[in-house]
Participant: 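One structure coming up, written as structure tokens, with questions to follow.
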Amino acid sequence: MPPIPEQPTSLARLTAALRWMLPARFRADIPVVPVVRLAGVIGVATPLRPGLMLSTIARSLERAFAVRNARAVALIINSPGGSPAQSHLILRRIRQLAEEKKIPVLAFIEDVGASGGYMLACAADEIICDQYSIVGSIGVVGGSFGFAKLMDKLGVERRLYTAGERKVMLDPFLPEKPEDVKRLKAIQKDIHEHFIALVKERRGSKLNGSDKALFSGEFWTAQTAIDLGLADTLGDMRSTLRARYGDKVRTPLIAAERSMFGRRLPGVMLGDLANRPGLGNDLLSTLEARAIWSRYGL
């Protein structure tokens with residue numbers, strides 16, 4: 001006689017029933033990929049438009065990597081760059097969490113992943129782009145204005161008191177000095193070399209091009225960036241994650257926590273943000289952010 005199939009026990013039936021009654025976020029059989037959005041100019045902060053900094057994103061990153069049963073963490077990147085220090089601090093935090101939790105990281109570049117924005121993408125194990133994404137710009141830029149001649153025309157006298165001969169280096173109200181420009185370019189070169197080393201470390205053998213081409217500061221559309229090894233493939237987050245983890249994959253967006261009054265809570269202890277810039281500084285920061293985006297035709 002063929003063996004009689006075992007009948008599920010009462011406990012097994014009850015467990016199965018309870019499993020289907022549980023909300024999706026509590027079920028271990030449904031894959032989860034938490035999503036963190038990294039968007040905007042890096043390091044530019046105003047009261048009306050907070051910039052992307054470690055202090056504004058750290059808490060979201062911690063929460064994303066702490067999600068139970070997470071299969072991966074997805075980063076949505078849309079940034080033209082900004083502060084190299086803040087870019088690197090965010091990258092380091094992502095890598096620390098990924099290594100601690102043993103969770104892979106996927107970066108999805110939207111409009112732009114350039115300069116510091118590309119550095120953020122390098123925190124991922126894989127970089128996926130839309131076909132219209134702009135990628136690259138591995139370089140360092142700095143700029144200012146010179147008002148010395150205008151001051152002379154207006155008859156305005158500059159009075160500035162310092163201790164340290166280099167303290168007023170590149171002051172926009174004083175004539176530019178060649179030695180100051182040389183010093184600034186040396187600093188930029190040092191930052192650029194560290195940026196290049198980081199990209200080589202993260203992308204490794206995937207890179208396919210000369211250093212002169214890859215690290216000239218040039219930027220490309222997605223397919224060229226993929227050919228150069230700066231990115232891995234074309235795609236969007238929803239399609240990619242469903243193809244890899246199934247149609248039922250959950251992708252909760254991990255946004256910054258807010259206080260009871262709706263204000264974003266900082267990711268590290270910053271104290272009271274009492275020293276906020278005035279309207280003039282806020283306007284200048286907004287114009288600076290607009291100028292950074294405009295480098296990429298956006």
Side-chain angles (χ1 to χ4, degrees), residues 25 31-67 70-83 86-98 101 103-130 132-135 137 222 231-242 244-245 249-259 262-268 285-286 289-290 292-293 296 298:
R25 64 180 180 273
V32 181
V33 178
V35 179
V36 178
R37 188 168 189 79
L38 302 176
V41 176
I42 303 167
V44 176
T46 70
L48 298 178
R49 185 173 299 184
L52 183 58
M53 299 184 293
L54 180 62
S55 62
T56 60
I57 201 65
R59 193 182 297 271
S60 296
L61 292 172
E62 297 278 352
R63 292 171 60 210
F65 281 94
V67 170
R71 302 288 185 86
V73 168
L75 307 175
I76 298 178
I77 294 175
N78 195 8
S79 173
S83 163
Q86 289 296 326
S87 303
H88 189 240
L89 286 169
I90 295 171
L91 176 145
R92 287 188 61 188
R93 182 63 57 88
I94 293 169
R95 292 314 312 160
Q96 289 166 358
L97 291 167
K101 303 293 186 179
I103 296 176
V105 180
L106 304 175
F108 295 89
I109 295 178
E110 294 187 329
D111 300 276
V112 178
S115 195
Y118 181 71
M119 187 185 291
L120 296 182
C122 284
D125 301 294
E126 189 174 349
I127 301 175
I128 300 105
C129 309
D130 181 80
Y132 296 109
S133 298
I134 293 174
V135 182
S137 190
D232 294 291
T233 188
L234 296 175
D236 64 273
M237 188 184 74
R238 183 176 184 273
S239 300
T240 300
L241 296 183
R242 284 166 69 93
R244 297 188 185 190
Y245 301 108
V249 62
R250 291 182 57 249
T251 55
L253 178 64
I254 310 299
E257 291 179 324
R258 296 180 181 271
S259 69
R263 180 179 296 174
R264 285 187 178 184
L265 296 174
V268 294
S285 294
T286 301
R290 183 66 261 165
I292 294 174
W293 278 106
Y296 308 100
L298 300 172

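The basis for the numbers below is simple: all heavy atoms, side chains too, and nothing from hydrogens, waters or symmetry mates. The structure displayed is predicted, hence computed values, not measured ones. When a residue number appears, it is its place in the shown sequence, counting from 1.
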Participant: Between atom CD of Glu110 and atom CD1 of Ile77, what is the distance when rounded to the nearest 0.5 Å?
Facilitator: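 Separation between the atoms: 9.5 Å.
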
Participant: Please name all residues satisfying salt bridge (charged side-chain N to carboxylate O under 4.0 Å, His left out) with Arg242, sequence neighbours left out, ordered by chain then number.
Facilitator: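 Scan of Arg242 (salt bridge (charged side-chain N to carboxylate O under 4.0 Å, His left out), adjacent residues dropped) gives Asp247.
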
Participant: Go through Leu241 and Leu106 one step at a time and tell me if the side-chain contact (heavy atoms from CB on, under 4.5 Å) criterion holds.
Facilitator: CA-CA 10 Å; Leu241 296 183; Leu106 304 175; 3.8 Å; yes

Participant: Got a second to check how far Gln96's CD is from Phe65's CZ, nearest 0.5 Å?
Facilitator: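 So the gap between those two atoms works out to 10.5 Å.
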
Participant: For Ala121 and Ile109, which heavy atoms make the closest approach, and how far apart are they?
Facilitator: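 Residues Ala121 and Ile109, closest heavy atoms: CB-CD1, 4.1 Å.
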
Participant: What residues form a side chain to side chain contact (heavy atoms under 4.5 Å, CB included) with Leu89, not counting sequence neighbours?
Facilitator: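 Partners of Leu89 by the side chain to side chain contact (heavy atoms under 4.5 Å, CB included) criterion, ordered by chain and then number, come out as Leu54, Gln86.
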
Participant: Could you work out, with side chain to side chain contact (heavy atoms under 4.5 Å, CB included) as the rule, every residue matching Ala123, not counting sequence neighbours?
Facilitator: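 Result, side chain to side chain contact (heavy atoms under 4.5 Å, CB included) vs Ala123: Leu91, Ile94, Arg95.
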
Participant: Using the test side chain to side chain donor-acceptor pair (under 3.5 Å), find all partners of Asp125 that sit at least two apart in sequence or belong to another chain.
Facilitator: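 So Asp125 forms no side chain to side chain donor-acceptor pair (under 3.5 Å) with any residue.
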
Participant: What is the distance from atom CG of Leu234 to atom OH of Tyr132, rounded to the nearest 0.5 Å?
Facilitator: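 Rounded to the nearest 0.5 Å, the CG-OH separation comes to 11.0 Å.
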
Participant: Taking all atoms of both residues into account, what is the closest heavy-atom pair of Ser115 and Gly81, and its distance?
Facilitator: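 Looking at all heavy atoms of both residues, the closest pair is CB-CA, 4.2 Å.
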
Participant: Given side chains that start at C-beta, do those of Leu120 and Leu52 come closer than 4.5 Å, heavy atoms only?
Facilitator: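 Heavy-atom side-chain distance check passes, below 4.5 Å.
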
Participant: State, yes or no, whether a side-chain contact exists between Thr251 and Tyr245 at a heavy-atom distance under 4.5 Å.
Facilitator: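 Side-chain contact under 4.5 Å: no.
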
Participant: Is a donor on one side and an acceptor on the other found under 3.5 Å between the side chain of Asp232 and the backbone of Ile128?
Facilitator: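 The answer is no, because no donor-acceptor pair under 3.5 Å joins these two groups.
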
Participant: Heavy atoms only: give me the nearest Gly82-Val41 pair and the separation to one decimal.
Facilitator: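 Taking every non-hydrogen atom into account, CA-CG1, 4.4 Å.
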
Participant: Just jot down the salt bridge (charged side-chain N to carboxylate O under 4.0 Å, His left out) partners of Arg244, sequence neighbours excluded, or say none.
Facilitator: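 In terms of salt bridge (charged side-chain N to carboxylate O under 4.0 Å, His left out), with neighbours along the sequence ignored, Arg244 is linked to Glu126.
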
Participant: Would you check if the side chain of Ser79 reaches a backbone N or O of Gly40 as a donor-acceptor pair within less than 3.5 Å?
Facilitator: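 Side chain of Ser79 to backbone of Gly40, a donor-acceptor pair under 3.5 Å: yes, one is there.
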
Participant: Work out which heavy atom in Met53 is nearest to a heavy atom in Ile90; give both atom names and the distance.
Facilitator: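 Scanning both residues, the minimum pair turns out to be C-CD1, 3.9 Å.
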
Participant: I'd like to know if the side chain of Thr240 and the backbone of Met237 have a donor-acceptor N/O pair within less than 3.5 Å.
Facilitator: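 No; judged by distance alone, with no hydrogens or angles, the pair does not exist.
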
Participant: Quick one, Val36 and Pro34 - any side-chain contact, counting heavy atoms below 4.5 Å?
Facilitator: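 No, too far: nothing below the 4.5 Å cut-off.
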
Participant: Got a second to check how far Asp111's CG is from Ile134's CD1, nearest 0.5 Å?
Facilitator: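 So the gap between those two atoms works out to 8.0 Å.
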
Participant: Look up atom NZ in Lys101 and atom CD in Glu62, then write down how far apart they are to the nearest 0.5 Å.
Facilitator: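 Between atom NZ of Lys101 and atom CD of Glu62 there are 8.0 Å.
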
Participant: Begin with the C-alpha distance, continue with both residues' side-chain angles, and end with the deciding distance and a verdict on side-chain contact (heavy atoms from CB on, under 4.5 Å) for Val112 and Asn78.
Facilitator: CA-CA 5 Å; Val112 178; Asn78 195 8; 4.3 Å; yes

Participant: Taking only residues two or more places apart in sequence or in another chain, which ones pass side chain to side chain contact (heavy atoms under 4.5 Å, CB included) with Leu253?
Facilitator: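 Val35, Arg37.
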
Participant: Would the distance check show the side chain of Ser239 and the main-chain N or O of Asp236 forming a donor-acceptor pair, the cut-off being under 3.5 Å?
Facilitator: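 Flag not set: sc Ser239 to bb Asp236 has no pair under 3.5 Å.
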
Participant: Taking all heavy atoms of Val105 and all of Ala98, pick out the closest pair and write down the distance.
Facilitator: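 So the two residues come closest at CG2-CB, 3.8 Å.
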
